[in-house]
Every structure is written in C-alpha cells, then in structure tokens.
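A quick write-up on the structure given underneath.
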Amino acid sequence: MEVRARAPGKIIVAGEHAVVHGSAAVAASIDLYTYVSLRFPTPADNDETLSLHLKDVSLEFSWPVARIKEAFPNLENPIPPSSCLLETLKLIASLVDEQNIPEANIGLAAGVTAFLWLFTSIHGCKPAKVVVNSELPLGSGLGSSAAFCVALSAAILALSDSVTMDFSHQGWQVFGENELELVNKWAFEGEKIIHGKPSGIDNTVSTYGNMIKFKSGDLTRLKTNMPLKMLITNTKVGRNTKALVASVSERTLRHPTAMASVFTAVDSISNEVAAIIQSPVSDDLAITEKEEKLAELMEMNQGLLQCMGVSHASIETVLRTTLKYKLSTKLTGAGGGGCVLTLLPTLLSGTVVDKVIADLETCGFQCLLAGIGGNGVEFSYSGIPDIGANGGNLS
Ligand SMILES: Nc1ncnc2c1ncn2[C@@H]1O[C@H](COP(=O)(O)OP(=O)(O)OP(=O)(O)O)[C@@H](O)[C@H]1O
Ligand SMILES: C[C@@](O)(CCO)CC(=O)[O-]
Ligand SMILES: [Mg+2]
C-alpha cells in the first residue's frame with residue numbers, strides 16, 4: 001500500500017517580499033510538480049527504518065526507528081499543526097547531522113529537518129519509505145520548498161487517521177476542504193523550518209492551485225478572466241530564500257518609514273493586478289489593454305523589488321534583453337538570481353517569442369513556458385489491499 005502526492009510550484013505575479021510585511025501579493029500555480037511517495041513496510045519486509053530518498057540530489061537518508069525513539073523520548077503524536085520548538089529542532093538537528101549531508105548540499109538539511117518534523121508529528125516513530133522527486137528547479141524562486149512541504153504533508157496525512165481513505169477512486173484525487181486546510185497548515189510549519197519567516201503564500205497556492213491573492217494570512221481565490229502567458233527564465237544563479245527574506249527585514253529595520261512606503265506601493269500594485277485579472281473582457285482590444293496595464297505594474301513591482309535589494313545582475317540582464325522586444329519582466333519568488341517572469345502578450349507572434357528565448361539562452365539562461373493556474377495538491381493510492389472502500393486504519 002503506497003500513497004503518492006504531487007504539489008505544484010508557483011509564480012508570484014506581484015508582491016513577493018512585501019507580502020511577508022503585510023502587503024497583498026498575487027500568485028499562481030504552474031504545471032510543474034514535486035512528487036512524494038510514501039509506503040509503510042509490511043511485517044514480511046522486516047524493515048525497521050525510516051528512509052528518505054531525495055532523487056533530485058541523488059541522496060538517501062535513513063534512521064533506525066529505535067534511534068528516532070531514543071532522540072525523541074517524549075514524542076507526542078499525532079498532534080495538530082504546530083511550530084517545531086527550538087528544543088525539538090535541536091533534537092532533530094542531531095538526527096540530521098548524523099547523516100553527514102555533503103557540504104555542497106547543506107541547504108538540504110532544512111528540508112530533511114522539515115520532513116522529520118512533519119512525519120514524526122503525524123506518525124510518530126514508525127518505519128516508512130519516502131521518495132521525493134521534482135520537475136521544479138530547486139531553490140530558484142518557483143516554490144520548490146513549498147511544493148516539497150505540501151506534497152510531503154499530503155502524502156503523510158493521506159495515510160493517517162486524519163483523512164478518510166477512499167480506495168474506490170482511481171488516479172489523482174483531491175482532498176476535501178478541511179483536509180486541504182490541514183495539509184496547508186502542516187506545509188506552512190515545514191516552510192517555517194526552511195524559510196525562517198514565510199508569509200504562507202507559497203504553500204497556500206501550492207495547496208489550492210489556480211490563482212490567489214494573499215494578504216496577512218488571508219486567502220482570496222481569484223477567478224481569472226484573461227489568458228496569462230509568461231516566459232519563465234531561470235538565471236541559474238543560486239540563492240536562498242531564507243537569507244533574502246532576512247536581508248529585506250534588516251533593511252526594513254534600518255529604514256522603517258521608507259520601506260513602509262515601498263510595501264504600501266506594492267500592496268496597491270497587487271490589488272490592481274488582482275482586479276485586472278478578474279475583470280471581465282469583451283474583446284481582443286480589452287485583453288490588450290489589460291496586458292498593457294499588467295506589464296506596467298510588473299515593471300513598477302520590479303523597481304520596488306530593486307529598492308528592497310533583492311534584484312541581481314543576472315536579473316537585470318534578463319530585463320535589458322526582454323526590453324529590446326518591448327516586453328516587461330520582473331523577478332519571481334525571492335530574487336537574488338533564480339527565476340524571472342516576462343509577460344507574453346496574447347498577440348505576440350511565436351517568431352518573436354522564439355527570438356527572445358534564443359537571445360536569453362545565448363546569455364546562458366534557461367527558458368521555460370509553464371502552464372499557469374492549474375490544480376493544487378493531489379494524491380493517489382496504489383497497491384490497495386482488498387478491504388473495500390473506506391478501509392479505515394491501515395497502521
Ligand atoms: N525536491 C526536493 N528535494 C529535496 N529538498 C528540496 C526539494 N525541493 C525543495 N527542497 C528544499 O527547499 C530548499 C529550497 O528552498 P528555497 O525556498 O530556498 O527555494 P524555492 O522554494 O525554490 O524558491 P522560492 O522560495 O523563492 O519560491 C532546498 O534547499 C531544500 O531544502
Ligand atoms: C520572498 C517571499 O515573499 C516569496 C518566496 O516565494 C517569501 C514568502 O512570502 O514567504
Ligand atoms: Mg521557498
């Protein structure tokens with residue numbers, strides 16, 4: 001009996017960073033996913049380990065269940081979604097340290113820590129095999145950390161008593177509203193371990209999919225009324241969301257009044273973006289007008305992200321390159337490198353798109369055209385035992 005879960009990555013159309021400080025932001029899911037499979041061994045397997053295989057980085061970690069019990073003598077489970085206390089983080093860190101993660105992959109330690117917190121909080125010290133793989137570039141602004149946490153939470157919860165298991169359904173299925181909320185809350189706790197101070201927008205859009213407006217923890221699901229086509233350019237410059245979020249907070253401490261104005265301006269931009277995306281369109285002309293407004297708002301948002309100090313020379317190169325074709329570009333996600341968005345108007349010819357891509361690729365960047373605004377998290381069971389629908393507790 002195995003469960004598979006998949007959670008999408010995302011783009012932020014407006015409002016990254018400012019959203020951490022209470023401004024509105026607009027994000028959409030993209031059709032690139034992180035997949036997690038989870039299986040509990042049968043008694044015949046005689047396997048008493050908890051293992052985590054991270055296929056994207058070709059690393060596998062495992063802990064004898066007895067070792068986890070020893071590290072967590074007072075482990076309570078299952079518990080409702082809650083933050084990992086500093087004391088517990090230290091206990092988990094000792095389990096992660098023992099795995100000798102290569103220095104080059106040290107950013108993974110936070111992800112492995114998040115996994116151990118999510119798994120043990122819901123299942124306790126239980127043997128299991130977990131495998132993760134992703135279509136998303138890791139650490140590049142497309143929400144890989146959130147997709148990782150959402151897919152993990154979904155798989156872990158789908159084999160727990162918190163979810164009513166329906167084995168009659170073949171293929172990908174969606175959670176009910178209460179279950180989605182639970183997945184999202186747990187994923188947010190995982191993001192906290194990876195990011196330090198996430199706003200919650202990335203895990204929320206990965207959980208619910210489509211396009212959302214997000215402000216101070218409040219989600220508004222947007223009804224899009226226009227096709228949105230973006231070119232995503234990966235500068236391939238590595239960066240770390242936790243460090244970039246911290247750098248903006250430090251700048252805010254140094255210049256509170258100026259930064260408050262920047263965040264207010266971003267709030268207005270995001271609200272306007274959300275209104276444009278939702279307003280009805282009558283004809284092509286109306287779409288063109290909306291696209292022109294969106295393009296201008298993206299440029300304004302990019303200027304404000306520069307004010308926050310999260311742009312990068314590679315991002316500026318993408319901006320200059322796309323400007324030659326009169327296209328508007330902004331960074332997406334935490335910036336500092338990573339991925340950049342360019343709005344592709346509906347009437348832009350395929351030949352021009354090809355030229356822009358060729359130009360960007362000559363600079364050493366990687367371009368992709370992802371579908372925007374698809375499904376959120378989904379899961380599926382396989383190797384189902386013959387016990388009928390709603391088989392109950394399989395532990
Ligand atoms: N497929 C994966 N396998 C293992 N760890 C992952 C995976 N995806 C994400 N992670 C974890 O998330 C970290 C990257 O998160 P980070 O927030 O820096 O980037 P991002 O989420 O891609 O970008 P952004 O937050 O700007 O959207 C990795 O260092 C790792 O700890
Ligand atoms: C930079 C940030 O605003 C978006 C990262 O995708 C961080 C967050 O909101 O948690
Ligand atoms: Mg992230």
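Starting from 1, each residue takes its place in the sequence as its number. Each ligand, and each atom within it, is numbered from 1 in the order the structure gives.
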In terms of residue, atom name and distance, what is the protein heavy atom nearest to [atom]?
| atom | answer |
| --- | --- |
| atom 16 (P) of ligand 1 | Thr241 OG1, 3.4 Å |
| atom 22 (O) of ligand 1 | Ser144 OG, 2.7 Å |
| atom 6 (C) of ligand 1 | Phe148 CD1, 3.8 Å |
| atom 11 (C) of ligand 1 | Ile194 CD1, 4.3 Å |
| atom 17 (O) of ligand 1 | His195 NE2, 2.7 Å |
| atom 29 (O) of ligand 1 | Gly107 O, 3.2 Å |
| atom 12 (O) of ligand 1 | Ser145 CB, 3.5 Å |

For Val19, the atoms of ligand 2 under 4.0 Å from one of its heavy atoms are 3 (O), 9 (O)
Given that the side chain starts at C-beta and the backbone is N, CA, C, O, which of these parts of Lys10 lies under 4.0 Å from ligand 2, counting heavy atoms, or is it both or neither? side chain
Please state which part of Ile12 comes within less than 4.0 Å of ligand 2, counting heavy atoms only: side chain, backbone, both or neither. side chain
Mind telling me whether His123 and Phe119 have parallel, tilted or perpendicular rings, with 30° and 60° as the class edges?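 Phe119 vs His123 ring planes: tilted.
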Evaluate the ring planes of Tyr35 and Trp172, with Trp represented by its six-membered ring, and classify them as parallel (under 30°), tilted (30 to 60°) or perpendicular (over 60°). tilted
I want to confirm something. Looking only at heavy atoms, which of Lys55, Glu16, Arg239 is nearest to atom 26 (O) of ligand 1?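 Checking each option, the heavy atom nearest atom 26 (O) of ligand 1 is found in Arg239.
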Below 3.5 Å, N or O to N or O, backbone or side chain included: is there any such pair between [X] and ligand 2?
| X | answer |
| --- | --- |
| Glu16 | no |
| Lys197 | no |
| Ser199 | yes |

Output the list of atoms in ligand 1 that are nearer than 4.0 Å to some heavy atom of Asp56, sorted by atom number.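 Going through ligand 1 atom by atom, the ones under 4.0 Å from Asp56 are 1 (N), 2 (C).
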Quick check on contacts: which atoms of ligand 1 are under 4.0 angstrom from a heavy atom of Ala334? 26 (O)
Please name the pair of heavy atoms, one in [X] and one in [Y], separated by the smallest distance, quoted to 0.1 Å.
| X | Y | answer |
| --- | --- | --- |
| Lys10 | Val205 | CB-CG1, 3.4 Å |
| Lys330 | Leu305 | CE-CD1, 4.1 Å |
| Val310 | Ala334 | CB-O, 3.7 Å |

From CG (Leu136) to CZ (Phe148), nearest 0.5 Å: 12.5 Å
State the CD1-OG distance between Ile287 and Ser282, to the nearest 0.5 angstrom.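 Reported value, rounded in 0.5 Å steps: 9.0 Å.
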Sort by chain and number the protein N/O/S atoms found under 2.8 Å from the Mg ion (ligand 3).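 As for protein N, O or S atoms lying under 2.8 Å from the Mg ion (ligand 3), they are Ser145 OG, His195 NE2.
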Polar contact flag for Gly333 and ligand 1 (N/O pairs, less than 3.5 Å):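 Among all N and O atoms of Gly333, none is under 3.5 Å from an N or O of ligand 1.
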